[in-house]
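Read through the structure below, which is laid out as structure tokens, and then see the notes.
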Amino acid sequence: MKKLINDPFDVVDEMFEGFISANDHIIKPVGKRSIARLESPIAGKVGIVVGGGSGHLPAFAGYVGKGMADGAAFGNIFASPPSKPVVEATVAVNGGAGVMYTYGNYQGDCINFDKAQDQCREMGIPVQSVVLNDDVLSAPKDQASKRRGIGGLFLVWHVAGAKAEQMASLDEVVAATQKANNNTRTVGVGLSSCIVPANGQPTFSLADDEMEIGLGIHGEPGVKRVKARGIDSVIDEIMESILADLDYKGSDVALLVNGLGGSPAEELYVVYRRVKQICDANKINIRFKHVGEQVTALEMAGVSVSLMRLDTELHDLITNAVVDTCMYKKL
Amino acid sequence: MKKLINDPFDVVDEMFEGFISANDHIIKPVGKRSIARLESPIAGKVGIVVGGGSGHLPAFAGYVGKGMADGAAFGNIFASPPSKPVVEATVAVNGGAGVMYTYGNYQGDCINFDKAQDQCREMGIPVQSVVLNDDVLSAPKDQASKRRGIGGLFLVWHVAGAKAEQMASLDEVVAATQKANNNTRTVGVGLSSCIVPANGQPTFSLADDEMEIGLGIHGEPGVKRVKARGIDSVIDEIMESILADLDYKGSDVALLVNGLGGSPAEELYVVYRRVKQICDANKINIRFKHVGEQVTALEMAGVSVSLMRLDTELHDLITNAVVDTCMYKKL
Amino acid sequence: MANVNGAVVAKALVHVAKKVEENKDYLCELDGEVGDGDHGVSMTIGMRAVTRAMKSLDDSVTPAEVFQAAADAYADEVGATIGPLYEAAFAAAAASAGDKGQLNEIADWADIYDAMAKSIQVLGKAERGDKTMLDSFFPAVDHIQALADKGGPLVDALSSTAKAALDAAIATRDLVAKKGRASRLGDRAIGYQDAGATSLAIVLQGFADGIAGA
Amino acid sequence: MANVNGAVVAKALVHVAKKVEENKDYLCELDGEVGDGDHGVSMTIGMRAVTRAMKSLDDSVTPAEVFQAAADAYADEVGATIGPLYEAAFAAAAASAGDKGQLNEIADWADIYDAMAKSIQVLGKAERGDKTMLDSFFPAVDHIQALADKGGPLVDALSSTAKAALDAAIATRDLVAKKGRASRLGDRAIGYQDAGATSLAIVLQGFADGIAGA
Ligand SMILES: Nc1ncnc2c1ncn2[C@@H]1O[C@H](COP(=O)(O)OP(=O)(O)O)[C@@H](O)[C@H]1O
Ligand SMILES: Nc1ncnc2c1ncn2[C@@H]1O[C@H](COP(=O)(O)OP(=O)(O)O)[C@@H](O)[C@H]1O
Ligand SMILES: [Mg+2]
Ligand SMILES: [Mg+2]
Ligand SMILES: [Mg+2]
Ligand SMILES: [Mg+2]
């Protein structure tokens with residue numbers, strides 16, 4: 001196993017320690033596995049708490065800072081955090097205007113965040129949750145609430161953070177975040193699995209001439225395995241799934257070409273090239289774009305493409321945003 | 001071969017096309033393989049031109065924008081660009097105050113940049129070059145001019161860009177860059193090789209229980225192959241080489257923990273944790289730190305650590321810098 | 001076999017932890033076929049925390065206190081889906097044990113297993129046939145409840161119950177996953193044995209052997 | 001064998017390109033042992049550009065024009081170390097060919113190879129024994145210069161010269177690299193055959209066969 005680690009069972013604690021120290025100009029620890037913006041709680045600002053399993057950096061903790069999240073809870077690798085660090089983060093970021101949880105739709109996260117939400121509400125902190133489900137291929141359209149959250153969360157949280165920075169109310173932040181989620185779709189393709197450190201073996205194996213389409217962000221198998229082929233035709237297939245699920249034609253969009261961890265940036269730009277061609281052909285206007293690793297699955301090779309349809313509010317929130325988080329910045 | 005590409009011989013052209021389009025709010029193409037900041041030439045500002053083989057993003061083209069480089073030339077994968085795109089970039093960024101080339105010490109780059117420099121000087125553009133050689137293990141100390149340039153270029157260019165933004169003269173920019181380089185040391189460790197797309201095979205092979213110490217950024221073998229072991233002890237060895245080469249004790253430093261491409265961010269933070277412990281033990285004060293993929297070797301797994309010793313000028317340049325380039329931002 | 005008092009239950013849990021950790025890679029492999037490959041890791045993390053908790057208890061502890069300590073260990077360290085499910089299950093076991101000083105009867109364990117399985121269902125909302133740990137737990141509960149009526153040695157009952165759980169875990173190969181991450185795979189999940197159902201069988205076997213050995 | 005006019009040289013270069021591309025993976029493998037594994041790729045990119053350039057020439061072209069077109073192709077497309085070295089070499093070949101209409105004599109090629117090797121040395125500053133392409137090129141030049149004095153059929157001379165280059169390339173296995181990336185490896189480079197020396201032998205063999213076949 002080729003990893004820059006010590007005992008695989010210590011990875012998350014040691015990573016957490018390094019993360020805290022490397023970002024001590026932006027965040028502070030507020031528990032053994034929870035962090036908050038240095039300046040939190042910010043009086044009158046809705047606090048945004050994110051989280052999920054580790055292994056997805058920059059998601060989720062990398063987005064704590066100005067313009068995105070106020071706090072985050074770290075789980076074990078690919079395992080939702082328990083409720084306790086979520087509660088710790090909630091308490092730390094509550095500036096009196098309430099707290100919004102936002103996370104991907106996975107059973108573990110739903111159970112643990114809901115538990116934290118119950119506890120915090122009992123403590124008198126108003127908490128609302130927006131659960132993200134952008135992964136088109138993880139369930140059919142008529143069961144969209146079963147879909148999981150993947151790369152699109154980067155775009156949705158960009159909106160959420162910007163709205164909260166404007167000192168909007170909890171209901172307004174929740175409404176903007178929900179709208180952003182409703183207008184976001186993602187499809188991914190994987191070329192290799194990844195290795196959960198304490199497991200030590202690749203989660204699944206792909207032959208050298210195979211790709212998985214519709215996989216998630218945990219190195220898990222996708223919804224179909226196809227023969228490897230030129231990436232343009234794979235992107236065509238991905239974009240077709242996205243465009244068939246929501247009407248983007250003629251719209252303004254925000255776009256993310258997201259590396260899953262093991263694919264070089266050079267390749268992500270090859271992908272962006274094709275996505276842009278398809279957008280042009282469909283009169284889709286790219287108003288905001290980002291190419292990079294945002295929501296990863298350890299060292300998995302692959303890419304996902306996310307599109308968010310923008311109305312004026314979403315457009316202005318995302319394009320005017322100034323973001324200065326641990327791992328993502330926008331001037 | 002697991003890559004998000006079409007014909008491997010088209011990778012660089014397609015990557016270039018995607019890069020241009022994805023960053024069209026920051027840069028413009030000024031040739032088939034050359035780019036410049038949108039606003040260039042900037043009257044009175046020294047233009048900084050960087051470049052080298054492709055396969056190292058964010059280095060080198062990813063640093064074009066405010067606060068770092070003004071122009072860049074793209075080579076083929078791991079191959080220096082020819083002189084022509086360097087000349088194109090030079091002409092595009094020359095705002096009358098002259099142009100500085102800065103690149104890593106590789107034979108191909110030296111030959112091609114020197115050729116471009118000759119041509120541009122003949123055209124009447126004042127050009128100076130600062131060649132970077134931070135890689136401690138690539139040659140003994142008494143032959144430091146033979147050392148190659150690797151991850152430390154991120155720190156050096158951070159300084160160079162900041163100095164040029166202050167509208168310093170060409171000589172001043174060159175002097176600050178040279179000083180930054182003289183105070184920067186890097187050592188890397190690789191866990192796996194990478195695949196040059198048109199080659200299709202890993203450049204070298206490492207058994208599952210082997211690591212290469214002292215490797216460069218081209219997936220080439222390092223200076224010694226060691227048994228894989230816990231990363232803390234590997235980082236101890238790396239840091240020992242760095243600290244033995246330059247006296248950092250009690251100094252202020254800027255620090256980069258650089259992912260080579262295939263190692264997850266989580267692991268880079270595990271590395272940072274150890275580097276920080278060693279700095280603390282040696283009374284080295286980290287004034288600027290960055291953890292992330294900056295100077296990569298395609299999908300190679302591994303990490304390099306760079307330290308730059310800071311005097312007041314270097315300290316202020318790097319900590320006060322505002323950077324808004326294609327792939328690196330600092331607020 | 002000693003009296004199954006709190007100290008014996010605690011020792012049994014340490015034995016369970018050992019068995020789970022021995023099966024870490026196997027459980028990850030099962031989870032990797034259709035899920036995210038971490039189940040063996042999550043269970044090991046949880047069971048290591050349980051072991052630590054057990055070692056800090058003194059011998060006068062009640063079975064309920066032991067189970068509650070296990071619940072707390074899972075609550076703090078595990079997360080994931082399995083963390084809150086086992087937390088709930090151990091908490092339910094504690095409630096079921098109540099203020100009993102010993103759990104010497106088959107009926108005690110039938111009640112405990114039943115309470116555990118039910119609490120998992122309340123929290124996770126899975127049904128029989130959804131290809132989850134309940135597909136080995138419910139058959140095990142049926143089995144031990146039948147034995148409780150018949151009577152016999154406790155250790156044999158616990159052991160055959162664990163065997164029933166394992167058979168049922170193996171039978172999950174034929175099911176389509178309806179809950180959890182694997183549910184996204186639809187028919188592709190057929191043929192793969194559910195990781196959580198398998199680890200539950202290992203846990204039950206660990207109880208049986210741990211109590212027998214105490 | 002036809003008169004070795006410009007058109008024949010151009011055809012020979014297209015044949016060289018074919019041979020180089022056939023050996024792409026092998027050359028990368030050699031480069032990967034101690035270098036960055038791209039030599040076969042760089043040479044293929046260069047030779048593809050040469051082929052395109054050859055196809056746009058008309059039949060009345062002079063040998064010098066052909067070599068200059070090859071130099072320009074390398075200059076524009078290749079970069080790396082090898083790009084400027086081959087650019088310089090082909091430009092030197094053009095200069096050596098001068099205004100000759102045919103290159104029918106062994107001496108013509110002895111001069112051309114000599115000019116090419118020397119131009120590489122001027123630009124790259126490597127010495128014999130530094131483990132570079134010069135370690136196959138210089139022995140080849142020695143060989144063909146000796147044949148030029150002796151005389152004989154051109155095609156045989158070109159072919160045995162290429163063979164001399166290949167033998168010398170194989171002999172680079174014993175050398176420590178002093179120039180280029182591999183120089184950082186010191187003794188670790190011993191045992192590995194230099195990629196550039198090998199591709200140079202392939203290029204010379206391509207010339208011999210290409211001219212023989214024209
Ligand atoms: N709703 C549920 N009820 C009961 N058991 C469940 C439920 N969802 C999942 N499981 C069990 O959890 C196991 C997976 O656990 P684990 O891999 O640790 O968590 P995660 O799915 O969060 O990675 C599955 O094999 C299944 O047996
Ligand atoms: N200074 C030099 N003079 C002559 N040949 C050289 C010199 N440096 C390197 N070479 C040749 O170039 C080859 C490597 O070429 P290539 O891999 O294409 O370039 P790079 O080293 O830039 O990746 C070496 O095998 C060697 O034969
Ligand atoms: Mg999981
Ligand atoms: Mg190269
Ligand atoms: Mg799992
Ligand atoms: Mg090479």
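Per chain, numbering begins at 1; letters A, B, ... match sequence-line order. Atoms considered below: every heavy atom in the structure, side chains included; atoms not considered: hydrogens, waters and symmetry mates.
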Closest heavy-atom pair and its distance - [X], [Y]:
{"X": "B:Ile77", "Y": "D:Asp38", "result": "O-OD2, 3.8 Å"}
{"X": "B:Thr203", "Y": "D:Asp36", "result": "CG2-C, 3.6 Å"}
{"X": "D:Ala75", "Y": "B:Pro82", "result": "O-CB, 3.1 Å"}

Are more than 12 heavy atoms from other residues, nucleotides or ligands located less than 6.0 Å from atom [atom1] of [X]?
{"X": "B:Glu240", "atom1": "CD", "value": "no"}
{"X": "D:Lys100", "atom1": "NZ", "value": "yes"}
{"X": "B:Asp142", "atom1": "CG", "value": "yes"}
{"X": "D:Asp59", "atom1": "CG", "value": "no"}
{"X": "D:Lys55", "atom1": "NZ", "value": "no"}
{"X": "D:Gln68", "atom1": "CD", "value": "yes"}

With rounding to the nearest 0.5 angstrom, report the [atom1] to [atom2] distance, [X] to [Y].
{"X": "D:Cys28", "Y": "B:Ile195", "atom1": "SG", "atom2": "CD1", "answer": "12.0 Å"}
{"X": "B:Asn112", "Y": "D:Thr81", "atom1": "CG", "atom2": "OG1", "answer": "8.0 Å"}
{"X": "B:Ser205", "Y": "D:Glu33", "atom1": "OG", "atom2": "CD", "answer": "8.0 Å"}
{"X": "D:Leu85", "Y": "B:Gln107", "atom1": "CG", "atom2": "CD", "answer": "7.0 Å"}

Within-4.5 Å side-chain heavy-atom neighbours: B:Asn76 and D:Val41: no
Determine whether a donor-acceptor pair (N or O, by modelled atom type, separation under 3.5 Å) exists between the side chain of B:Lys115 and the backbone of D:Pro84. no
Checking B:Phe9 against D:Thr44 for the side chain to side chain contact (heavy atoms under 4.5 Å, CB included) test, could you report, in this order, the C-alpha distance in whole Å, the side-chain angles of both residues, the deciding distance, and whether it holds? CA-CA 10 Å; B:Phe9 280 93; D:Thr44 299; 3.6 Å; yes
Charged N to carboxylate O below 4.0 Å: is that the case for D:Glu77 and B:Lys84? no
One option among D:Asp25, D:Leu27, D:Val78 has the most heavy-atom pairs under 4.5 Å with chain B, and it is D:Val78
